[in-house]
Amino acid sequence: MHWLTLEVLTTIGAWAFAVASSPSPGCDFHNGLCPRDNDWEALGAKLSDTAKIYYPGSSGFKNITTRWSVLEEPKVNLVVVPGTEDDVAETVKFANKMQLPFLAYNGVHGAITSLGKMDHGVGISMSQLSGVKVNADGKTATIAGGTMSKLVTDELWAAGKQTVTGACECVSLLGPALGGGHGWLQGHHGLVADQFVSMKVVLANGTLTTVDASSDLWWAMKGAGHNFGIVTSLTTKVYDIEHTDWAIETITFSGDKVEAVYQAANDHIIKNGTQPVDVVNWSYWMNNADADPNNPVIVMYIIQEGVKAVDSIYTKPFHDLGPISVSPDSGTYKDLAAWTGITNSSPPCLKIGMANPRFPIYLESYNVAAQKKVWDIYAPAVRGSSPFNNSIFMFEGYSAEGVHAVPHDSTAFAFRSENLLVAPLINYFPAKGLDKKAADLGQRLRNVLFEASGRDEIGAYVNYAQGDESTEQMYGSEKWRRQRLSALKKKYDPLGRFSFYAPILGA
Ligand SMILES: Cc1cc2nc3c(=O)[nH]c(=O)nc-3n(C[C@H](O)[C@H](O)[C@H](O)COP(=O)(O)OP(=O)(O)OC[C@H]3O[C@@H](n4cnc5c(N)ncnc54)[C@H](O)[C@@H]3O)c2cc1C
């Protein structure tokens with residue numbers, strides 16, 4: 001291997017010294033499991049010219065390991081940045097040989113607390129495996145395993161194509177996709193995972209293999225994929241851009257309107273699961289001093305595809321409720337992230353040292369009384385100088401037609417009949433006692449919604465899960481799902497190598 005930077009070269013020396021002279025607590029020296037200097041050289045010799053290895057103390061290491069949420073972060077002793085798909089396989093084989101845990105680092109926006117169980121080992125940063133190629137058939141594209149959602153959108157758009165990606169610019173394509181993946185176009189085409197055509201995957205034993213509909217693993221990769229391998233590239237369906245125009249109205253309400261606002265959302269948008277395919281309805285509960293200096297407000301986004309202004313059939317019922325403000329805008333699909341505050345530079349995307357647990361629950365519709373109840377808990381807990389005053393309660397009402405259309409047993413994603421993805425995101429700078437306070441608040445809010453839903457079990461989006469959720473809550477409570485997932489986990493990952501991100505427990 002050709003070490004690429006002086007920084008890397010010098011830090012290799014630093015690591016070797018540290019290994020020889022001051023064992024790190026994360027490395028099991030007592031059992032002789034810590035790699036020696038020549039072990040790293042052997043790994044380096046197997047990697048491509050463009051691979052990199054970063055060690056603690058280098059700025060490269062810091063950049064690559066700085067995460068969106070600092071709550072229960074994974075800890076690694078070094079990060080390999082593969083230059084090729086084979087490099088990923090070699091790194092996994094090396095980690096296995098050294099009995100070191102490993103974890104894929106992609107958009108580093110994964111925030112589930114199970115990640116904190118990784119207290120040493122090898123990070124595998126996917127950042128160099130980035131790129132999008134529209135295939136000659138015009139119906140598929142091949143996307144490298146470390147490609148960010150924004151790059152997928154931009155490259156496809158330039159080619160007159162689009163596909164379902166996560167809505168947010170700062171997450172990878174595959175991080176969301178392996179857990180299902182929600183995005184603006186899911187009303188048309190289903191989840192991000194529903195677009196998969198085939199993928200190359202490094203399995204737990206370090207084998208690089210192709211997985212497609214002919215494999216028993218295919219079902220699991222669409223919803224529980226983080227548990228089974230590292231996807232080094234994906235071939236996915238793409239579509240011609242049908243509508244260039246999109247429009248939005250951002251309608252801001254004071255909290256006293258909470259019941260009326262969500263009654264209107266039920267009656268005029270969600271309509272018992274028949275939300276039109278071209279309409280998205282999101283809302284946030286957040287502090288916005290310009291709108292109300294003393295209390296959080298309800299920020300309601302009504303988004304429509306194929307128009308220059310949102311149809312009044314959707315907006316008038318909200319105008320009639322007396323909002324604080326109404327702000328229309330129009331543009332293209334590529335403006336959606338900016339309008340909803342989730343571009344790469346928007347506050348919810350930034351890595352600024354905050355702890356960011358979410359407490360998700362899927363719902364069929366809004367229980368208006370429960371919305372009022374959670375508002376009455378949430379507003380006093382986050383207003384003014386509360387340490388949680390950056391929090392956002394997220395109510396994501398994508399169109400679900402395309403998600404409903406896929407048979408519910410055909411993928412490991414278990415929540416196809418739902419229409420709303422709801423989650424309080426409790427943001428705070430870490431301080432003594434706040435982790436528990438935040439968890440108590442988030443769980444209390446979610447429980448109110450759960451009790452009002454009349455369901456037997458919470459359905460939690462795996463990619464928003466806080467970490468206190470059970471396997472059933474993240475992957476579905478039907479017995480056959482548990483059995484199928486457990487059997488696949490035993491077959492493909494018997495030693496539980498992929499068990500830091502939302503692990504399937506009890507396999
Ligand atoms: C600001 C923000 C916006 C979001 N928006 C959306 C959204 O619009 N839609 C949506 O569905 N979700 C969304 N999410 C949730 C998102 O799906 C998860 O946070 C996801 O974990 C992010 O993936 P990542 O690659 O960015 O993060 P990472 O932390 O790098 O990845 C999370 C985990 O995914 C696994 N992983 C990542 N890449 C690979 C790979 N190539 N092969 C195998 N395993 C891999 C690893 O286990 C890793 O620990 C959002 C989250 C945030 C913080």
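For ligands, and for the atoms within them, numbers begin at 1 and follow the listed sequence.
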- prompt: Would you say Phe413 and Val192 make side-chain contact, with heavy atoms under 4.5 Å?
  reply: no

task: With the side chain counted from C-beta on, respond yes when Pro101 and Val122 share a heavy-atom pair under 4.5 Å apart, and no when they do not.
output: no

Identify, by atom number and element, the atoms of ligand 1 in contact range of [X], meaning under 4.0 Å from any of its heavy atoms.
X: Arg67; value: 29 (O)
X: Pro176; value: 10 (C), 11 (O), 12 (N), 17 (O), 23 (O)
X: His226; value: 34 (O), 35 (C)
X: Tyr105; value: 30 (O)
X: Gly181; value: 11 (O)
X: Ala167; value: 7 (C), 8 (O)
X: Gly145; value: 41 (N)
X: Leu178; value: 42 (N), 43 (C), 44 (N), 45 (C)

Can you tell whether the side chains of [X] and [Y] come within less than 4.0 Å, N to carboxylate O?
X: Asp194; Y: Arg416; result: yes
X: Asp440; Y: Arg444; result: no
X: Asp212; Y: Lys200; result: no
X: Asp87; Y: Lys46; result: no
X: Arg497; Y: Asp493; result: no
X: Glu418; Y: Arg455; result: yes
X: Glu90; Y: Lys97; result: no

field: Parallel, tilted or perpendicular: rings of Tyr461 and His182 (30°, 60°)
entry: perpendicular

- prompt: Relative to the ring of Phe395, is the ring of Tyr262 parallel (under 30°), tilted (30 to 60°) or perpendicular (over 60°)?
  reply: tilted

message: Under 4.0 Å, heavy-atom basis, I'd like to know which part of Tyr461 is in contact with ligand 1: side chain, backbone, both or neither.
response: side chain

Side chain, backbone, both or neither: the part of Arg358 lying under 4.0 Å from ligand 1 by heavy atom: side chain

Note the single closest protein heavy atom to [atom], along with its residue, its atom name and the distance in Å.
atom: atom 50 (C) of ligand 1; answer: Val171 CG1, 3.7 Å
atom: atom 2 (C) of ligand 1; answer: Cys168 SG, 3.7 Å
atom: atom 18 (C) of ligand 1; answer: Asn463 O, 3.7 Å
atom: atom 24 (P) of ligand 1; answer: Gly107 N, 3.4 Å
atom: atom 23 (O) of ligand 1; answer: Gly175 CA, 3.3 Å
atom: atom 14 (N) of ligand 1; answer: Tyr464 CE1, 3.6 Å
atom: atom 9 (N) of ligand 1; answer: His182 O, 2.9 Å
atom: atom 41 (N) of ligand 1; answer: Val231 O, 3.0 Å

- prompt: Any nitrogen or oxygen of Pro348, main chain or side chain, under 3.5 Å from a nitrogen or oxygen of ligand 1?
  reply: no

Applying a strict 4.0 Å limit to heavy atoms, is [X] in contact with ligand 1?
X: Gly229; result: yes
X: Met148; result: no
X: Glu169; result: no
X: Phe500; result: no
X: Val108; result: yes
X: Ala104; result: yes

To which of [options] does the heavy atom nearest [atom] belong?
atom: atom 32 (C) of ligand 1; options: Tyr501, Tyr398, Trp184, Phe498; result: Tyr501
atom: atom 38 (N) of ligand 1; options: Asn106, Ile230, Thr232; result: Asn106
atom: atom 19 (O) of ligand 1; options: Met394, Gln186, His109, Glu73; result: His109

task: Scan Trp184, Phe196, Tyr239 and name whichever one has a ring-ring contact (aromatic ring centres under 6.0 Å, His included) with His189.
output: Tyr239

query: Should Met300 and Asn281 be marked as a side-chain contact (heavy atoms from CB on, under 4.5 Å) after you check the CA-CA gap, both sets of side-chain angles, and the distance that decides it?
result: CA-CA 7 Å; Met300 167 86 28; Asn281 172 220; 3.0 Å; yes

message: In this structure, is the centre-to-centre distance between the rings of Phe61 and Tyr55 below 6.0 Å?
response: no

query: Are Cys170 and Cys349 close enough that their SG atoms are less than 2.5 Å apart?
result: yes

query: If we ignore angles and hydrogens, is there a donor and acceptor under 3.5 Å between the side chains of Thr207 and Thr209?
result: no

